[in-house]
Undergrad: 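I'd like to ask some things about the structure below.
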Amino acid sequence: MGGIFGVVSKRDCVEDLFFGTDYHSHLGTRRGGMAVYNNEGGFDRAIHNIENSPFRTKFERDVQQMKGSIGIGCISDSDPQPLIVRAHFGNFVLTTVSRINNADDIVGRVFEGHRAHFMEMSSGKINATELVASIIAAKDNILEGIKAAQEMVDGSLTMLVMTKEGIYASRDRLGRTPLIIGQREDGYCASFESFAYQNLGYVDAYELGPNEVVFMDADGYETVSAAQKEMKICAFLWTYYGYPTSTYEGVNVEDMRYRCGHALAKRDAGVEVDYVAGVPDSGIAHAIGYANESGIPFARPLIKYTPTWPRSFMPPKQSMRHLIAKMKLISVDALIRDKRLLFIDDSIVRGTQMSDTAGQLLREGAKEVHVRSACPPIMYGCKYLNFSRSTSEYDLITRRIIKEREGDKDAEMVADYADQNSTNHQEMVDTICERLKFTSLKYHELDDMIDSIGIDRCKVCTYCWDGKE
């Protein structure tokens, strides 16, 4: 996934930039970067690989050396950024949270327009942020370049563009990812996560709308390109990868997860278990909501060892993700042996991790392991955000089972399997339950999940569950 943070201040901003960017580390990716501007030294930048070390440890020395009153930073999926760019209208620095599905087409259009070149990475791909920079630099000014990039990119694109005058903040064209302005007496910040500036003394000032561009300096902010009405913000912000203290579109993540658990419990009356538990970390709040509604005690039979283990989707190799998922959870025998347990996970993607977890609990003496998913079955790979490293829709356990049942007609049958009232849907769920060796399995209903978020359904992206764009 990734996150971005920017700050403009009447004093040195490096410490704010450092901590604000670090507060995006839960999004779990591979590189971090910071760039600053000061009148004496111009632009300065530092980028480090953070796969095996926390952001803070890699940038502690940089924080001591960098100086500036304007800065932007990022936690990046993979590409090195921010990038310092020299354009005909002047230098700028760019960082993005993006997924560009039509990168090859954009490269071709850039080549047609002028003789440009791109640095190819070892993966054979072009840095997505560099590609966006090329679009911006080809226009008459930064604002026109930002608008052109938003129009051209198929996928998603939220960005910060820093100049020596201030920062342009631009939210994705359909608002799939958030961008919020914070305010303090000596400056302003822009952040993917709303909580990232809370402990720095900033307060909420403004949330950008879809496709909106805001320019901010130390004295204030103004909209320089208006928002559009249509929005498709990602529902997984609330159910999975958003941090509990974050708020998007006025809806807090932790609060939404409590409501989500409440709704799960109402649909699940009659299940008899000793404890309700959440798969750490993002399943815990869902489980608390379930326990509060059902009256079944909440417990933590699995504790996440947080000091060293990162989130399990971070490494590029599935085998390493699998190992991390296993190693980071430590069991509590007194809460497992001879107990009937109901575990809530934020989602079931491949099924591997939850199957291994259930197997471990049964081997350690649990009588029963019931599983509930805080979202409906995932039927389609996301086309808009990089929150999963799946390379094929057949990585999804749902699609593998549909393929087994339907053969070459599987693609045309997916919609029926996604219908939670269909016979095929229930038989698919029963097969998943049996294959993953759960005592029972139920998924959240899509309508209940959307109601738990609490904003207009038409403004929420549900593509991965129902295929609707």
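Because only heavy atoms are used, hydrogens play no part in the values below, and waters and symmetry mates are left out as well, while side chains stay in.
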Undergrad: Look up atom CG in Leu174 and atom CG in Asn211, then write down how far apart they are to the nearest 0.5 Å.
TA: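 Reported value, rounded in 0.5 Å steps: 8.0 Å.
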
Undergrad: With a 4.0 Å cut-off on N to O distance, would you call Glu469 and Lys383 a salt bridge?
TA: yes

Undergrad: What I want to find out is whether Lys10 reaches Asp219 closely enough, with some N-O distance under 4.0 Å, to be called a salt bridge.
TA: yes

Undergrad: Let's go through Phe195 and His26 carefully: what are the C-alpha distance in whole Å and the side-chain angles of both, what is the deciding distance for ring-ring contact (aromatic ring centres under 6.0 Å, His included) to 0.1 Å, and is it a yes or a no?
TA: CA-CA 12 Å; Phe195 78 91; His26 65 285; 5.8 Å; yes

Undergrad: Should the pair Phe236 and Tyr240 be assigned to parallel (<30°), tilted (30 to 60°) or perpendicular (>60°) ring geometry?
TA: perpendicular

Undergrad: Answer yes when Arg99 and Asp172 have at least one side-chain N-carboxylate O distance shorter than 4.0 Å, and no when they do not.
TA: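 No, no charged N to carboxylate O under 4.0 Å.
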
Undergrad: State whether a side-chain donor-acceptor pair under 3.5 Å links Thr223 with Glu212.
TA: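 Their side chains do contain a donor-acceptor pair, which is all the 3.5 Å distance test asks for.
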
Undergrad: Run the side-chain hydrogen bond (donor to acceptor under 3.5 Å, both in side chains) check on Tyr202 and Asp16 step by step: do they pass?
TA: CA-CA 10 Å; Tyr202 295 85; Asp16 286 0; 2.9 Å; yes

Undergrad: Gln150 and Ser170: side-chain hydrogen bond (donor to acceptor under 3.5 Å, both in side chains), yes or no, with the steps?
TA: CA-CA 9 Å; Gln150 291 289 15; Ser170 173; 2.8 Å; yes

Undergrad: Does Asp77 pair with Arg30 as a salt bridge, N-O distance under 4.0 Å?
TA: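 No, Asp77 and Arg30 are not salt-bridged.
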
Undergrad: So, Asn199 and Tyr23: side-chain donor and acceptor under 3.5 Å apart, yes or no?
TA: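 Present: a donor and an acceptor within the cut-off.
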
Undergrad: Could you check whether Lys67 pairs with Glu15 (Lys NZ or Arg NE/NH1/NH2 to Asp/Glu carboxylate O, under 4.0 Å)?
TA: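 Salt bridge between Lys67 and Glu15, a charged N being under 4.0 Å from a carboxylate O: no.
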
Undergrad: For the residue pair Phe59 and Phe55, is the inter-centroid distance of their aromatic rings smaller than 6.0 Å?
TA: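 Yes; Phe55 has its ring centre under 6.0 Å from that of Phe59.
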
